[in-house]
Amino acid sequence: MSFITYLINGISLGSVYAIIALGYTMVYGIAKMLNFAHGDIIMVGGFTVFTIVTTLGLPPALGILAAVIICTVLGLVIEKIAYRPLRKAASPLAVLITAIGVSYLLQNMALLIFGANTKSFTSVVNFSGLKLADGRINITGETIVTILSCIIIMAGLTFFINKTKAGQAMLAVSEDKGAAQLMGINVNGTIALTFAIGSALAAIAGVLLCSAYPSLTPYTGAMPGIKAFVAAVFGGIGSVPGAMIGGILLGVIEIFSRAYISSQMADAIVFGVLIIVLLVKPTGILGRNIQEKV
Amino acid sequence: MKKFNKIFGVVLASCMTLSLLAGCGGDNNTKENQSGESQNTGSQDDTQNADNQTAGGEGVFKIGGIGPITGNNAVYGQAVQNAMQIAIDEINEAGGVNGYTFEMNFQDDESDPEKSVNAYNNLKDWGMQLLVGTVTSGPCVAVAAETNTDNMFQLTPSGSSVECVEHPNAFRVCFSDPNQGFGAAKYIGENSLGNKVAIIYDSSSIYSSGIYTKFTEEAANQNFEIVSAEAFTADNATDFSVQLQKAKDAGADLVFLPIYYTEASLILTQANQMGYEPTFVGCDGLDGILAVENFDLALAEDVILLTPFAADATDDLTVSFVTKYQEKHGDIPNQFAADAYDAVYIVKAAIEKSGATPDMSVSDLCEAIKGAMTEISVNGLTGEAITWTEDGEPNKAPRAVVIKDGAYVAM
């Protein structure tokens with residue numbers, strides 16, 4: 001019975017990783033850069049909801065909406081100010097270092113505004129969840145909402161990329177930036193759109209993460225950000241379904257190794273599995289699937 | 001190149017001359033040499049060095065304090081800072097100690113050992129003569145190594161790991177981790193709080209694993225059994241579903257949490273989400289859980305803390321302290337505040353006993369207070385007639401409190 005509980009918890013944790021990993025993988029696929037500030041946008045999303053729902057006492061739906069808008073704008077601003085001017089820089093390292101800088105900037109700004117004290121996040125999920133098999137299996141409302149959101153986002157994103165013009169433009173830019181420009185595609189606009197979508201997803205991930213694990217500090221996004229980055233590499237960076245599979249696998253492996261091997265060694269095992277996967281398949285699980293590249 | 005050599009030569013020569021001058025200054029003028037004093041330690045001119053450090057006091061003992069004012073453990077540091085200030089103000093208003101007054105400077109270390117040592121060095125520049133701190137164990141061990149080198153008297157209100165007081169110049173107000181683990185197991189056994197006990201501890205924290213080890217040792221002698229013991233690490237401190245599920249599957253009716261309040265608040269929330277309602281018992285690290293912003297206090301109902309201080313106790317000392325603290329800072333003081341308040345009075349008692357004066361050198365002051373520490377007996381907030389052994393450990397009776405309606409109540 002507890003096996004099923006562990007599995008569901010693993011999928012739930014993995015779903016959060018997957019949603020964050022989508023942001024990493026889309027940005028990498030299209031701009032060929034690692035946006036290390038992505039994890040901290042999650043934290044900004046969390047604090048936005050906290051401010052609106054807990055401090056101002058407004059309804060959670062409004063908080064989520066505001067978080068999505070603020071994070072999207074933040075993503076666009078970061079792209080415009082910090083990354084775009086460096087896109088033609090001689091070394092690709094320049095933009096990577098900038099991303100790390102932006103990450104610290106966001107953390108320290110949050111530290112300045114909200115202080116470092118841990119805040120307890122009020123879950124935005126209202127129903128109490130399901131009890132199956134005489135209460136031996138307990139699925140929380142947060143778990144259900146997280147997994148459902150993950151499925152909806154995945155389906156929506158696949159539809160967007162394959163069936164809309166903007167999505168097709170993304171595919172084209174990720175294939176060949178120069179050729180796409182020659183075909184009349186607005187490359188800068190497409191990259192900005194990718195950042196906007198990635199940041200909006202980060203806001204949703206932030207809400208889900210803080211609802212399931214209700215503690216909020218300026219460093220809340222850091223560790224999940226790194227794990228999601230691993231998930232993106234795991235699944236094959238640049239691939240949307242890869243990020244999804246990588247994220248969920250990572251979550252399940254993490255919970256299972258904690259449950260059945262050792263609760264202290266969970267991280268070591270997760271990263272050990274990553275190394276083995278990369279040794280066997282250096283591009284990640286779905287890394288070679290060029291058609292799905294975004 | 002020739003030109004460069006010439007310039008280099010001149011610079012080198014002037015450097016040497018300057019250092020020579022500085023050396024002379026040190027011999028004649030005590031004040032000029034202060035910046036170099038830390039490099040001199042251990043050299044043959046110890047007595048001279050001691051003379052150099054007396055500059056600070058004109059009838060004032062300069063007490064340094066270090067603790068987390070920001071960061072994860074901020075609740076502790078703020079409580080210590082506030083309570084120390086209250087105690088110092090009280091003492092100064094009442095005429096000081098042997099006619100001298102106390103002056104305090106409190107520095108933030110964010111509970112980080114490196115930052116804590118930096119804070120210590122800042123305080124030395126300020127002219128600190130003795131240290132009340134640091135607040136958390138990890139930084140305390142790092143700073144204790146420094147105070148030992150400088151032979152500065154150190155009294156930590158709440159640094160509970162064994163190594164905090166391993167040097168002869170360091171003492172503490174609270175119980176050590178092993179003593180807490182030992183006391184907790186004994187308390188649970190003697191009061192029959194539970195039959196099947198699960199433990200969730202932080203294996204990356206010296207504080208938590210220290211308590212855990214001693215707890216399991218003592219549990220063997222008690223009438224309960226440990227059915228599950230699960231660890232987590234600092235990088236993995238958000239998801240506790242597995243640890244809780246294992247405790248639940250093992251049928252634990254009591255979960256022992258020798259951890260800090262940030263993680264404990266998450267554990268309480270997640271246990272509630274999964275519908276698991278054992279008795280939760282924690283040590284002093286849980287103190288502060290009521291101050292987590294927006295935390296649902298109903299979740300902390302009936303949580304038991306083994307802590308030597310209950311704010312609702314009715315003795316005169318507690319009542320007067322709690323009233324003053326509430327007037328000044330608006331909230332009810334926790335155990336850390338009580339430890340810190342006691343710490344200042346312990347320093348006062350030791351100084352009175354030894355007859356130390358502010359014009360003594362840091363090292364002489366340390367020797368004097370150290371000698372007096374084993375002779376004094378202090379009635380404080382955290383215990384009656386507390387005495388100290390030479391290895392820096394306090395002797396006092398353990399106490400417990402339980403959380404009722406969002407407040408600590410003595411058991």
Side-chain angles (χ1 to χ4, degrees), chain A residues 1-2 5-6 8-10 12-13 16 50 53-55 111 114-123 125 128-129 131 135-143 209-210 212-220 222-224 226-227 251 254-260 262-268 270, chain B residues 68-75 77-78 108 110-111 200-204 209 228-250 260-276 288-289 291-297 299-300:
Chain A
M1 278 308 154
S2 43
T5 315
Y6 292 141
I8 293 169
N9 283 337
S12 166
L13 181 64
V16 178
F50 181 83
V53 177
T54 307
T55 314
L111 203 58
F114 297 101
N117 292 345
T118 308
K119 293 175 179 55
S120 191
F121 191 89
T122 314
S123 174
V125 180
S128 56
K131 278 194 203 318
R136 274 175 297 174
I137 300 177
N138 197 320
I139 308 171
T140 65
E142 285 81 5
T143 306
L209 184 78
C210 292
Y213 312 115
S215 91
L216 190 57
T217 72
Y219 310 107
T220 293
M223 200 61 200
I226 290 172
K227 293 251 178 79
E254 191 181 319
I255 296 282
F256 275 180
S257 48
R258 210 179 292 163
Y260 295 113
S262 157
S263 43
Q264 322 183 28
M265 295 282 289
D267 278 346
V270 165
Chain B
I69 303 296
T70 62
N72 268 346
N73 302 323
V75 171
Q78 288 162 1
D108 186 14
E110 296 174 40
S111 206
I200 302 176
Y201 70 101
D202 180 352
S203 62
S204 64
S209 44
S228 107
E230 293 297 322
F232 63 91
T233 60
D235 286 337
N236 237 331
T238 45
D239 184 284
F240 296 100
S241 59
V242 171
Q243 288 91 332
L244 285 167
Q245 185 68 37
K246 281 195 171 176
K248 192 181 180 188
D249 288 348
Y260 288 126
Y261 64 90
T262 307
E263 289 86 18
S265 70
L266 276 168
I267 288 179
L268 292 177
T269 314
Q270 286 173 27
N272 178 55
Q273 279 174 355
M274 59 190 271
Y276 180 40
I289 194 159
V292 174
E293 199 173 325
N294 192 36
F295 179 67
D296 183 2
L297 294 179
L299 295 177

Over all heavy atoms of both residues, which pair between A:Pro214 and B:Thr269 is shortest? Give the atoms and the distance, please.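 Taking every non-hydrogen atom into account, CG-CG2, 3.5 Å.
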When you measure from the side chain of A:Lys119 to the backbone N and O of B:Asn294, does any donor-acceptor pair fall under 3.5 Å?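 It does not hold such a pair.
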Excluding sequence neighbours, so at least two apart, what forms salt bridge (charged side-chain N to carboxylate O under 4.0 Å, His left out) with B:Glu263?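 With sequence neighbours excluded, B:Glu263 shows a salt bridge (charged side-chain N to carboxylate O under 4.0 Å, His left out) to no residue whatsoever.
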Residues two or more places apart in sequence or in another chain: which of them pass salt bridge (charged side-chain N to carboxylate O under 4.0 Å, His left out) with B:Asp239?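 For B:Asp239, the residues satisfying salt bridge (charged side-chain N to carboxylate O under 4.0 Å, His left out) (neighbours in sequence not counted) are A:Arg258.
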Atom group of B:Ser265 that falls short of 4.5 Å from chain A, counting heavy atoms: neither
Let me know if B:Gln243 has heavy atoms under 4.5 Å from chain A in its side chain, its backbone, both or neither. side chain
Less than 4.5 Å to any heavy atom of chain B: does that hold for the side chain of A:Thr54, its backbone, both, or neither?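 Contact with chain B: side chain only.
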Using non-hydrogen atoms only, which part of A:Ala212 is less than 4.5 Å away from chain B: side chain, backbone, both, or neither?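 It is the backbone, since no side chain atom gets that close.
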More than 12 heavy atoms of other residues, nucleotides or ligands under 6.0 Å from CE of A:Met223: yes or no? yes
Chain A interface, residue from B:Pro68, B:Ser203, B:Ser204, B:Ala74 that has the most non-hydrogen pairs under 4.5 Å: B:Ser203
Passes side chain to side chain contact (heavy atoms under 4.5 Å, CB included), B:Glu293 versus A:Phe50? Steps please. CA-CA 11 Å; B:Glu293 199 173 325; A:Phe50 181 83; 3.8 Å; yes
Nearest-0.5 Å distance, [atom1] of residue [X] to [atom2] of residue [Y]:
X	Y	atom1	atom2	answer
B:Gln245	A:Ile255	CD	CD1	10.5 Å
A:Gln264	B:Asn236	CD	CG	10.5 Å
A:Ser215	B:Phe295	OG	CZ	11.0 Å
B:Tyr261	A:Thr118	OH	OG1	5.5 Å
A:Asn9	B:Met274	CG	CE	8.0 Å
A:Thr5	B:Leu244	OG1	CG	12.0 Å

Derivation and outcome, side chain to side chain contact (heavy atoms under 4.5 Å, CB included), residues B:Gln273 and A:Thr143: CA-CA 10 Å; B:Gln273 279 174 355; A:Thr143 306; over 6 Å; no
